[in-house]
Peer 1: 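Before anything else, here's the structure in question.
No hydrogens, no waters, no symmetry mates; every other heavy atom, side chains included, goes into these values. Protein chains get the first letters and strands the later ones, always in sequence-line order, with residue 1 at the start of each.
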2 protein chains.
Amino acid sequence: MHISTKCSVAIHCLIFIYEYGEKKKVTSELLSLSTGSNSVTIRNILSSLKKDGIISVKFGTGGATLNCPLEEITIHRICKAIEPDFVSKLFGIHSLPSPLCPIGKNIHNVLNRSYQKIQNDLCDSLKSITLKDLISDYHYFRIGDYKYY
Amino acid sequence: MHISTKCSVAIHCLIFIYEYGEKKKVTSELLSLSTGSNSVTIRNILSSLKKDGIISVKFGTGGATLNCPLEEITIHRICKAIEPDFVSKLFGIHSLPSPLCPIGKNIHNVLNRSYQKIQNDLCDSLKSITLKDLISDYHYFRIGDYKYY
DNA sequence: TAATGGTGTAAATTTAAAAATTACAGGAGG
DNA sequence: CCTCCTGTAATTTTTAAATTTACACCATTA
């Protein structure tokens with residue numbers, strides 16, 4: 001599996017909530033329209049983000065708001081909230097090497113050592129980008145947008 | 001999609017070819033037994049590695065050998081040989097955001113900028129590990145193996 | 001207090017991607 | 001010329017992701 005589209009949808013939702021959360025009631029239906037994903041998928045994503053403390057969702061009446069400073073919300077945190085062991089799932093390892101072959105017997109250890117390092121590097125990279133950066137990029141692109149249309 | 005198990009199978013094969021390529025005739029059938037993957041899958045992997053110049057495969061008579069110094073074979077090169085655009089496929093982006101929403105209209109640009117950085121970091125990390133490292137890890141584990149059984 | 005418009009979640013279905021299987025043409029070497 | 005191998009296309013199976021359907025439950029308000 002890859003870093004799922006759920007993660008990109010989550011980022012989309014978070015930018016939306018930051019931009020409109022105070023003014024409008026941001027419901028799963030609204031986010032479903034904006035992202036093009038199913039509203040149940042959205043609710044599942046919001047539910048994960050809520051459990052992690054990134055957002056609050058009003059039960060009953062509805063509406064999501066940010067619950068946390070933008071600099072504390074890294075891409076790593078978002079991915080992890082949605083899929084706790086996404087990092088290890090990112091690197092597939094063939095499951096049935098022959099235990100009779102010296103290489104087959106040891107390949108998992110060998111791969112784990114290197115993959116572990118790569119995974120750590122990736123986590124560092126994912127931690128280096130925050131929602132603050134993403135929103136400032138969004139503002140940059142949106143201005144360009146106004147300029148040309 | 002993830003960094004496919006094809007990549008781990010490829011690494012398995014390369015270690016196998018390094019260890020036995022000179023002594024035995026390393027066929028796709030033999031690698032299929034050692035890795036536990038189908039021999040057609042193996043042949044496809046070997047074919048990709050061959051095109052990249054990493055190995056040679058004797059046509060007709062069969063048998064694979066390394067064709068390149070160990071230090072020049074990085075994990076990045078292996079993955080890329082097998083799936084040229086594996087990096088971009090690693091990060092899923094939802095495909096149908098609403099063009100009527102200012103966020104929907106710009107989200108792809110926003111995500112691409114950050115994902116690009118993450119992808120570059122990942123490539124650097126994948127380039128930092130070579131087959132030489134993997135084989136030296138293999139020798140390390142194999143010795144431990146002898147010690148305890 | 002009942003209608004409305006939300007959330008939360010489980011279960012079933014659909015869709016799409018990866019891997020295995022089947023099949024077969026063709027080369028090298030004994 | 002027979003055997004063992006490669007190369008590759010086409011099909012089928014398997015597995016994972018995403019959507020859909022369904023429904024219980026909550027808050028607000030008319």
Side-chain angles (χ1 to χ4, degrees), chain A residues 1-10 12-13 17 21 24-33 35-52 55-65 67 79 81-83 85-86 88-97, chain B residues 1-10 12-13 17 21 24-33 35-52 55-65 67 79 81-83 85-86 88-97:
Chain A
M1 134 207 353
H2 52 181
I3 287 198
S4 140
T5 59
K6 272 191 194 173
C7 177
S8 74
V9 173
H12 184 140
C13 291
I17 292 167
K24 293 187 193 179
K25 184 163 74 168
V26 178
T27 65
S28 61
E29 189 55 37
L30 188 55
L31 289 169
S32 168
L33 287 170
T35 62
S37 315
N38 188 275
S39 66
V40 175
T41 305
I42 300 290
R43 289 208 285 273
N44 286 327
I45 289 169
L46 294 187
S47 165
S48 301
L49 295 175
K50 195 174 84 169
K51 272 177 198 142
D52 192 76
I55 61 172
S56 300
V57 180
K58 281 214 189 75
F59 198 87
T61 167
T65 46
N67 203 24
C79 290
I82 284 165
E83 176 63 52
D85 56 348
F86 77 100
S88 58
K89 288 192 177 169
L90 205 54
F91 296 82
I93 294 187
H94 54 301
S95 52
L96 301 164
Chain B
M1 128 215 3
H2 53 182
I3 288 199
S4 137
T5 59
K6 273 190 192 174
C7 178
S8 74
V9 172
H12 184 140
C13 290
I17 292 167
K24 293 187 190 176
K25 183 162 74 169
V26 178
T27 66
S28 60
E29 189 55 39
L30 188 54
L31 290 168
S32 167
L33 287 170
T35 61
S37 317
N38 187 274
S39 66
V40 176
T41 304
I42 299 290
R43 290 209 284 275
N44 286 328
I45 289 170
L46 295 187
S47 166
S48 301
L49 295 174
K50 195 174 84 168
K51 274 177 196 142
D52 192 76
I55 60 172
S56 300
V57 181
K58 281 214 189 74
F59 197 88
T61 168
T65 47
N67 203 25
C79 290
I82 284 164
E83 177 62 51
D85 56 348
F86 77 99
S88 57
K89 287 192 180 172
L90 205 53
F91 296 82
I93 295 187
H94 55 301
S95 52
L96 301 164

Peer 1: Assign each of A/Asn44 and A/Gly62 to its nearest nucleotide of DNA chain C by heavy atoms, then name whichever residue's nucleotide is nearer the 5' end.
Peer 2: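 Taking each residue's closest nucleotide, the earlier one in sequence belongs to A/Gly62.
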
Peer 1: By the definition side-chain contact (heavy atoms from CB on, under 4.5 Å), identify the one residue from B/Val57, B/Ile17, B/Ile55 that meets it with B/Val26.
Peer 2: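 Between B/Val26 and the candidates, side-chain contact (heavy atoms from CB on, under 4.5 Å) is satisfied uniquely by B/Ile17.
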
Peer 1: How long is the line joining CG of B/Leu31 and P of D/dC4, in whole Å?
Peer 2: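 Answer to the nearest Å: 18 Å.
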
Peer 1: How long is the line joining CG of B/Asn38 and P of C/dT21, in whole Å?
Peer 2: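 Distance check: B/Asn38 CG to C/dT21 P gives 5 Å.
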
Peer 1: Distance check needed: D/dA16 P versus A/Leu90 CG, whole Å only.
Peer 2: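 So the two atoms are 15 Å apart, to the nearest Å.
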
Peer 1: Does either side chain, that of A/Thr5 or that of B/His94, offer a donor lying less than 3.5 Å from an acceptor on the other one?
Peer 2: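 Not at all, the side chains of A/Thr5 and B/His94 share no donor-acceptor pair under 3.5 Å.
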
Peer 1: What is the distance, to the nearest angstrom, from the NZ atom on A/Lys6 to the P atom on D/dA17?
Peer 2: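 Value for this atom pair: 8 Å.
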
Peer 1: So does B/Lys6 pair up with B/Glu83, basic N to acidic O under 4.0 Å?
Peer 2: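 Salt bridge between B/Lys6 and B/Glu83, a charged N being under 4.0 Å from a carboxylate O: no.
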
Peer 1: In whole angstrom, what separates A/Leu33's CG from C/dG6's P?
Peer 2: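 The distance from CG of A/Leu33 to P of C/dG6 comes to 11 Å, rounded to the nearest Å.
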
Peer 1: At under 4.0 Å between heavy atoms, which parts of nucleotides 23-29 of chain D does protein reach? Answer with one letter per nucleotide, 5' to 3': B base, S sugar-phosphate only, - none.
Peer 2: ---BSS-

Peer 1: Are B/Lys50 and D/dG7 close enough that a side-chain N or O sits under 4.0 Å from OP1 or OP2?
Peer 2: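 Yes, B/Lys50 has a side-chain N/O under 4.0 Å of OP1/OP2 on D/dG7.
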
Peer 1: Which pair of heavy atoms, one from B/Thr65 and one from B/Gly21, lies closest together, and at what distance?
Peer 2: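 Closest pair (atom of B/Thr65, atom of B/Gly21, distance): CG2-O, 3.7 Å.
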
Peer 1: Return the nearest nucleotide to the side chain of B/Thr41; candidates are C/dG6, C/dA20, D/dT20.
Peer 2: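 Comparing C/dG6, C/dA20, D/dT20 against the side chain of B/Thr41, the answer is C/dA20.
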
Peer 1: Rounding to a whole Å, what distance do you find between B/Leu46:CG and D/dG7:C1'?
Peer 2: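 Computing the B/Leu46:CG to D/dG7:C1' distance gives 11 Å.
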
Peer 1: Can you check nucleotides 10-16 of chain C for protein contacts, nitrogen or oxygen pairs under 3.5 Å, and list what you find?
Peer 2:
none

Peer 1: If you measure from CG on B/Asn38 to CG on B/Leu31, what distance do you get to the nearest 0.5 Å?
Peer 2: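 Spacing of CG (B/Asn38) from CG (B/Leu31) equals 12.5 Å.
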
Peer 1: Calculate the interatomic distance between A/Leu30 atom CG and C/dG6 atom C1'; express it in whole Å.
Peer 2: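 Those two atoms, CG and C1', are 13 Å apart.
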
Peer 1: Here's a test of your reading of the structure: between B/Thr27 and B/Ser47, which maps to the more 5' nucleotide of DNA chain D?
Peer 2: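 Whichever sits nearer the 5' end wins; that is B/Thr27.
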
Peer 1: Which atoms form the tightest heavy-atom contact between A/Ser37 and A/Ser32, and what is the distance?
Peer 2: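 Scanning both residues completely, I find the closest heavy atoms to be O-OG, 2.7 Å.
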
Peer 1: With a cut-off of 3.5 Å and sequence neighbours excluded, list every side-chain donor-acceptor pair involving residues 42-52 of chain A.
Peer 2:
residue: A/Arg43; atom: NH1; partner: A/Ser28; partner atom: OG; Å: 3.3
residue: A/Asn44; atom: ND2; partner: A/Val40; partner atom: O; Å: 3.3
residue: A/Ser48; atom: OG; partner: A/Asn44; partner atom: O; Å: 3.2
residue: A/Asp52; atom: OD2; partner: A/Arg77; partner atom: NE; Å: 2.6
residue: A/Asp52; atom: OD2; partner: A/Arg77; partner atom: NH2; Å: 3.3

Peer 1: Looking only at side-chain atoms of A/Lys51, point me to the closest of C/dA19, C/dT9, D/dT6.
Peer 2: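 It is C/dT9.
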
Peer 1: Does any part of the side chain of B/Thr61, heavy atoms only, come nearer than 4.5 Å to the side chain of B/Lys25, both counted from C-beta?
Peer 2: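 A side-chain contact under 4.5 Å exists here.
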
Peer 1: How close or far is atom P of C/dG5 from atom CD of A/Glu29, stated in whole angstroms?
Peer 2: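 These atoms are roughly 12 Å apart.
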
Peer 1: Report the distance from atom CG of B/Leu30 to atom OG1 of B/Thr27, rounding to the nearest 0.5 Å.
Peer 2: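 Between atom CG of B/Leu30 and atom OG1 of B/Thr27 there are 5.0 Å.
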
